[in-house]
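What follows is a set of notes on a single structure, which appears directly below.
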Amino acid sequence: MNTSVADCSVTRCSFNDHDNCSAPAITVGGGEDHAACATFVDIGKHGGLPKVLATVGACQRAECTHNDHLLCQAPQVHVGPGADNADCLTYEHRH
């Protein structure tokens, strides 16, 4: 399953293209109770693919409800500002 990045409201990211992610894939990192987009880059240059097809390549948040063997199983994820500049807003801590 390839989980798509539905949208990204972090306009300072070099991969942001009109609220869409132009990175080929993102990595989700962060810490317990918090999932950050580890692909976030703020260098003032636009990067990524000419066509927006971003997916979640890897997710390091093994405690997330959507995580199965470090792969995201959510239908799609939303990225936006949170504890870090860019967070996975779809993250749900497994209880």
Side-chain angles (χ1 to χ4, degrees):
M1 171 182 201
N2 288 331
T3 300
S4 66
V5 178
D7 53 59
C8 177
S9 59
V10 184
T11 56
R12 289 189 355 259
C13 182
S14 293
F15 292 112
N16 189 301
D17 184 8
H18 300 91
D19 288 338
N20 291 298
C21 182
S22 64
I26 68 168
T27 298
V28 178
E32 185 102 7
D33 293 327
H34 156 248
C37 177
T39 310
F40 171 77
V41 177
D42 182 10
I43 60 171
K45 291 192 171 275
H46 184 70
L49 301 171
K51 192 172 184 181
V52 176
L53 299 170
T55 60
V56 178
C59 179
Q60 300 171 6
R61 303 298 358 122
E63 76 284 350
C64 179
T65 301
H66 304 293
N67 191 308
D68 183 21
H69 295 90
L70 302 181
L71 298 173
C72 183
Q73 301 300 312
Q76 59 185 11
V77 298
H78 302 275
V79 177
D84 281 323
N85 289 319
D87 280 1
C88 175
L89 304 178
T90 309
Y91 171 86
E92 291 180 42
H93 186 84
R94 187 174 313 179
H95 298 289

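Computed over heavy atoms, backbone and side chain alike; hydrogens, waters and symmetry mates excluded.
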Side-chain donor-acceptor pairs under 3.5 Å in residues 33-44, sequence neighbours left out?
residue : atom : partner : partner atom : Å
D33     : OD1  : H93     : ND1          : 3.1
H34     : NE2  : D84     : OD2          : 3.1
H34     : NE2  : D87     : OD1          : 3.3
T39     : OG1  : T27     : N            : 2.9
D42     : OD2  : R12     : NE           : 3.2

Minimal non-hydrogen separation, H78 against A6, with atom names: CE1-CB, 3.6 Å

4.5 Å side-chain heavy-atom contact, H46 and D17: yes

S14 side-chain N/O to K45 backbone N/O, donor-acceptor pair under 3.5 Å: yes

Closest contact, heavy atoms only, P81 versus S9: CD-OG, 3.3 Å

Whether N85 side chain and V10 backbone form a donor-acceptor pair below 3.5 Å: no

Closest non-hydrogen atom pair between L71 and G57, with its separation: CD2-O, 3.8 Å

For E92, salt bridge (charged side-chain N to carboxylate O under 4.0 Å, His left out) partners two or more places apart: none

Point-to-point distance, once rounded to the nearest 0.5 Å, from CD1 of I26 to OG of S4: 10.0 Å

Atom of V79, atom of A86 and distance for their closest heavy-atom approach: CG1-CB, 4.1 Å

R94/N67 under side chain to side chain contact (heavy atoms under 4.5 Å, CB included): CA gap, chis, key distance, verdict: CA-CA 9 Å; R94 187 174 313 179; N67 191 308; 4.3 Å; yes

CG on N20 to SG on C8, rounded to 0.5 Å: 9.0 Å

From CD (Q73) to OG1 (T65), nearest 0.5 Å: 12.0 Å

Any donor-acceptor N/O pair, R61 side chain to V28 backbone, under 3.5 Å: no

F15 backbone acceptor or donor facing S22 side chain under 3.5 Å: yes

Distance-minimising heavy-atom pair for P24 and L49: CA-CD1, 3.8 Å

Over all atoms of both residues, closest heavy-atom pair of A62 and L70: CB-CD2, 4.3 Å

